[in-house]
Structures are given as structure tokens and as C-alpha cells.
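Numbering of residues begins at 1 and proceeds along the displayed sequence.
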Amino acid sequence: MTGLEGAVHSMRNRIKLNRRYLVPLLVFLFTGFLAYTFLVTEEDELQIDRAVDLNTGWEYEEDEAHNLLLIKRTITPDMEGKTVCFYMTDSFLDAYVDDALIYHFGQKFAFCQSPGSLFQFIEIPADSAGKELRMEISNVYDYRYRTDYTFRIGSSGALLLELIKDEIPDFCTNIIILMLGIIMCVLYVLERYNGSKRHKNLYLGLFSIFFVIWSSCSLFIDQLVVPYGVLQYYIYYFSLYLLPGFLICFLETIADEIKCRTEFFAHIFIVAALLVLQFAHIMEFTQSLGIYLAYVAVELVSIIIKTLRSQTLKRDRALQVSFIILLTFIILNAIQYYFHLVEGASLTLSKVGLCAFLIIAIYTGMEQMLKDIAQAREARALKKIAYTDNLTGLGNRYAFDRDIKEMEFSKLCIVSLDLNNLKYYNDTFGHSCGDLLIQEASRIIKEVYGMVYRVGGDEFLALCIDSTREKQISLQQALLRKTKQYNEDASHQVILEIACGSSHYHETDKSYEDILKRADAKMYQHKQQMKLHSKLAPARSL
């Protein structure tokens, strides 16, 4: 190797050795270039249509004579052609420009005073600068009007984008919880298919799905799907009423010692009472919400205490961790709400905790399901071994005793069958030849009688229901015909002789043993007759 070739070879080795540093170096240089460009650029920002807050310039006035809240302001030139948006709860709305009605919301229904709670979008007409925008809000329920509405203004598209952007954290966590809930329900179906009778995954999955339905009712994204205020009203409260029930059922499936029967039926009673009050126009869901939440708080404290005392929870490490994570995020969410660290009553942190809880539950559920499947397979294998004759694949004596108990005694017919010359083949040609004799005979007997059991070395039993004597004679002839065809085939190594006898139920029979004795007696008579005319020949082609 020349000096130049050696230098090239050395350089190649260095490049190969330092290749792993190349990608991080390129990423670092690219990031630094972007940061430099951002700091030194003096170009104008892209002009994007954005929605802005409009919380100044409004006048609030209560018209007690007409039970109205009046909200007024003068329309400025920059408001023309734009849309004003705000969230309104349990109220009717009429919006005017001067005296011209430009928007109306709210319809009264037979079983609901409230028109629901939705985001309102009021389009400001063009050429309306200098005129007065007046909104008349009529509350359904007797409490003071809000004087702190949050207004936004912009084009319809900009408002939609702003509202959706604000709800992305809640929306994403809802989608994750919904998918995890569906997975829990699928796990339940798979468990049921494999024979499990546990309902834990079903209740937790339904709780998650209805939690998403309930928490989505206050989101604008849900309004795009369900744009009807009253329908959202009922969805919100019905899903809220179902949540504690699913939670109680789930916790009771964790351990046998968790008993929440009292809480469950008390919850059903409370919900039934609220439904009666609603549809009797005595107290609507919105008015009774405080009472219901107070009851649920007491109910949850009772349930949590019982759960924490559960020995199963103390033994199950994964369950402990998931509960700790969930409670931690709920507490953080409560602190966040209490100290007004975020706007509104956001449940994002609680949803994150629920996601973690569901992920752990899915992992442990899948692990348990795989164990159950393995145990079920093992149980089926043991059951097959216990009730199956290993040589022929037919049922054994245990299977016969099991199946005959499930049959109608008065319609029973038992066929007793016995294979001739087994000892001869075993002693003369070996047990492998005797096994072949048994296997060939069992195959033919199975073809004729169907439900057949090998109950001894050369003994077989068959069970028939609603079989007449004529039918048994026909079956016996079919057995003799098949054995004759078998024996005429020179390629077969053994000669088959199968004696059989059948007996039907008689009024004097007290058990199937009486029927079996008569069938055995007839079989032995046939066996003796066959021995007188036996054409036994040595095993062929052994």
C-alpha cells in the first residue's frame, strides 16, 4: 500500500468512526440558522384574519318590569360586517340594530323551559356604524343576570378557528379517553368470548365514553355536531346522571369486599326523583344541579372510603398506582380552578389523570385476559383428556355418564357393541395390531351411530334418542354391511367382527342401567352367534 492509499484508508476509517456525530451536528446547525433568521429579520408579519376580544364599551341594564337584561353598545366602523360571539346559558336572546331585529335564539318546549346553552353568533350588518346594537336576554330561571359576558368579534371563520384552538387540549383528551373507553369495551367482548364473566372493563369503558359525552357538551366543537340547545341540555344531564352508576358498578367488580348496593339504589332514587320533578315542571335539571352535585360528593366520599379499605386495592400495585395518579390530577385540577389559574372550569388535568388510569387499566386488563385465555385453553385440554378416549378420539365412560344425564330418559335407546378377537390380535401380532383393530372398528361404529363411546378395551356404547326398533334394525344392518365391505378389501390388515344389541326405554325401567343390561344381553347373544360363524383370518400385510 502506497503512502497515498494509506492516507485515504485512514481518512475513510475516521469518517466511519465519526459518522454518528454527523446527524446531531446538522440538526444543531439547522436550529441555529433558524434562530438567527428569526432574530435578525425585519420583515412584516403575515396578516391573518383573527378574532379579537370585545369586552369594553358595553352597557348592562336590567329591565325588571319585563325580566330582561339589556346589553347595548354603539357599532363602530370596524365592527361592520363582522360577527359577535359569546356563550349564553339557559336564556332567550333577541338582538336588534336600532329597532330592527337581526337575530333570535330560543324556543319553548313542553318538557323543558330552557332552550339550552350554546355559543351565539350575531352578524353585524354592513353600513350600521353609529347605530346601536341592543341584545335583550331573558333568563329562564330566577337568578341574577350575568354582567360579565366574554364577547369576541371577527369573521365567522376566524371565530370558529379561535374557539376550536382554545378547546384543543380538552378536545384531544376527550378523543383519547373515548378511544380508550372503546378499547375497554372491546376487551370486555373478547373476555366474554373466551368465557370470562367479569364486567370490570365494560363498566369502566362505559364510564369513559359517557364522561366524554358529558364533558363535550360545554365545548363549541360539540355544538358543531349537535347544534340543538335542548338536545344538548338533555344529553348533558342524562350522561351526568349515569356516570356515578357506572363508577359504582366498576368499583364493585374490583373486589368482592367492595359493596355499594346502598349507594347504587340511593342514586337511582335521586335520579328518578329529579326526572319526576323535571317532567312535572316542579324543578328543572338546572335548578336541581346543586342538590344533585352535593349528593354525588357525599356518595363519592363513601365509595372512596370503601375502596381504600379494600384488601384487593392494597394487594394490587398497578391499581394503587392508577388510583394515586387519578386522584393527584383531580386535586391539581381543583387547585387550578380554585385559584383561577385558568379561565372557566377546565377539566383538562382531570382528563389527563383519567387517561393514565385507563392506560394502566387496559394494560392490566389485557394481561389478565391473556392469562384467562391460557387457563381456559388448559382447562379445555384437561377436559378433553378427562372425557376423551386417547386411542380412538371417542368419548370415554366419563363422557357417557355425563351425556346420558342430559337426555330425556323416556326417549332413550342404548346400543351395546363389542369387538371380537381383540385378544387374538394382541397375543398373535402385538398390541399395535390390536390398536389398529380398535381404531378401525371405532371409525365404522361412529359412521353408523354418531354418538359413540369407548367404555372398555373392546366395548363400545352408543346413545340414540327417539329411535324406533325398525330404525335400530336398519342401523344394525348398516353396521354389518360396512364391516363386510371392510373385510372384503384385501388391503386392510385386520378382520372386523362387531357384535351389537340395542334396547329402548320401558315403563318398568328405573334408571339407564336397566336399559343397558338388556342391551348387553342382546349384544352377548349376537356375539355368540358370530363366533359360530367366525371367518377370522390372520392379520394381512403386517
Side-chain angles (χ1 to χ4, degrees), residues 67 88-92 106-118 138-146 177 181 199-200 202-219 222 226 228-254 258-309 326 330 333-334 337 345 347 350 354:
N67 190 30
M88 191 177 70
T89 60
D90 302 312
S91 301
F92 298 93
Q107 181 181 353
K108 293 185 178 181
F109 294 87
F111 296 107
C112 184
Q113 297 182 40
S114 172
S117 303
L118 295 174
S138 174
N139 277 2
V140 173
Y141 307 114
D142 295 331
Y143 50 75
R144 290 189 60 82
Y145 289 95
R146 291 181 54 182
I177 293 172
H199 296 78
K200 180 178 71 174
L202 173 65
Y203 293 134
L204 185 55
L206 291 175
F207 175 85
S208 305
I209 292 170
F210 279 90
F211 176 85
V212 169
I213 293 173
W214 168 70
S215 63
S216 296
C217 286
S218 59
L219 299 180
D222 188 66
V226 185
Y228 307 104
V230 175
L231 181 57
Q232 278 202 353
Y233 176 90
Y234 282 117
I235 291 174
Y236 177 88
Y237 285 103
F238 286 167
S239 56
L240 178 61
Y241 293 159
L242 288 171
L243 288 178
F246 290 134
L247 180 62
I248 290 171
C249 292
F250 164 69
L251 293 175
E252 282 191 330
T253 59
I254 292 177
I258 301 178
K259 302 295 184 183
C260 300
R261 184 181 179 87
T262 302
E263 289 83 355
F264 181 79
F265 284 103
H267 184 80
I268 291 178
F269 175 79
I270 289 292
V271 171
L274 295 178
L275 290 172
V276 170
L277 293 175
Q278 167 76 25
F279 293 110
H281 299 290
I282 298 172
M283 180 183 290
E284 295 211 353
F285 292 147
T286 302
Q287 296 170 298
S288 61
L289 182 60
I291 299 173
Y292 174 74
L293 292 179
Y295 165 75
V296 169
V298 175
E299 185 179 49
L300 288 177
V301 170
S302 174
I303 294 171
I304 290 172
I305 291 173
K306 290 182 178 181
T307 305
L308 294 177
R309 289 178 178 176
L326 178 59
I330 290 175
N333 207 153
Y337 175 72
L347 294 171
S350 296
L354 181 58

field: Trace of the side chain to side chain contact (heavy atoms under 4.5 Å, CB included) decision for N139 with N67
entry: CA-CA 8 Å; N139 277 2; N67 190 30; 5.6 Å; no

- request: Verify ring pair (Phe, Tyr, Trp, His ring centres under 6.0 Å) between Y292 and Y241, making sure each step is shown before the conclusion.
  value: CA-CA 9 Å; Y292 174 74; Y241 293 159; 4.8 Å; yes

- request: Verify side chain to side chain contact (heavy atoms under 4.5 Å, CB included) between Y295 and H267, making sure each step is shown before the conclusion.
  value: CA-CA 9 Å; Y295 165 75; H267 184 80; 3.9 Å; yes

field: Criterion side chain to side chain contact (heavy atoms under 4.5 Å, CB included) on F238 and I213, from CA distance to verdict
entry: CA-CA 10 Å; F238 286 167; I213 293 173; over 6 Å; no

message: Checking L243 against V296 for the side chain to side chain contact (heavy atoms under 4.5 Å, CB included) test, could you report, in this order, the C-alpha distance in whole Å, the side-chain angles of both residues, the deciding distance, and whether it holds?
response: CA-CA 10 Å; L243 288 178; V296 169; over 6 Å; no

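Between I209 and I177 the shortest side-chain heavy-atom distance does not fall below 4.5 Å. Side-chain contact check for S117 versus Q232: every heavy-atom pair is 4.5 Å or farther apart. Side-chain contact between C217 and Y233 is absent, with no heavy atoms from C-beta onward closer than 4.5 Å. Using a 4.5 Å heavy-atom threshold, the side chains of Q278 and M283 count as separate.
Residues G106 and P115 approach most closely at CA-CB, 3.7 Å, considering heavy atoms. P244 and L240 get closest at one heavy-atom pair: CD-O, 3.2 Å. Residue G181 comes nearest to S208 through the heavy atom pair CA-CB, 3.8 Å, listed as atom of the first residue, atom of the second, then distance. Nearest heavy-atom pair across T307 and I258 is CA-CD1, 4.1 Å. For the pair L354 and L326, the tightest heavy-atom approach, listed with the atom from each and the gap, is N-CD1, 3.6 Å.
The CG atom of L204 sits 12.0 Å away from atom SG of C249, with the distance rounded to the nearest 0.5 Å. One finds the CD atom of E299 at 8.5 Å from the CG atom of L247 (value rounded to the nearest 0.5 Å). If you take CG on L293 and CG on L300, they are separated by 10.0 Å, rounding to the nearest 0.5 Å. With values rounded to the nearest 0.5 angstrom, I303 atom CD1 is found 8.5 Å from E252 atom CD. Of the inter-residue distances, the one linking S239 atom OG with Y234 atom OH reads 14.0 Å to the nearest 0.5 angstrom. Between the CG atom in D222 and the CG atom in L118 there is a gap of 9.5 Å [rounded to 0.5 Å].
Of the possible donor and acceptor atoms, none in the side chain of S91 sits under 3.5 Å from a partner among the backbone N and O of M88. A donor-acceptor contact shorter than 3.5 Å is absent between the side chain of T262 and the backbone of C260.
Ion pairing between a basic and an acidic side chain is recognised when a charged N comes within 4.0 Å of a carboxylate O; E263 and K306 show such pairing.
Between the side chains of Y141 and E284, at least one donor-acceptor pair of N or O atoms lies under 3.5 Å. Side chains of D90 and S114: a donor-acceptor N/O pair is present below 3.5 angstrom, by distance only. Side-chain atoms of Y237 and T286 form a donor-acceptor pair, as typed in the model, at a separation below 3.5 Å.
A tilted orientation is assigned to the rings of Y236 and W214, their planes being inclined by 30° to 60°. Ring orientation note: the planes of F246 and F210 are tilted relative to one another, at an angle of 30° to 60°.
Residues F207 and F250 place their aromatic rings such that the two centres sit no closer than 6.0 Å.
The number of heavy atoms from other shown groups lying within 6.0 Å of OH (Y228) does not exceed 12.
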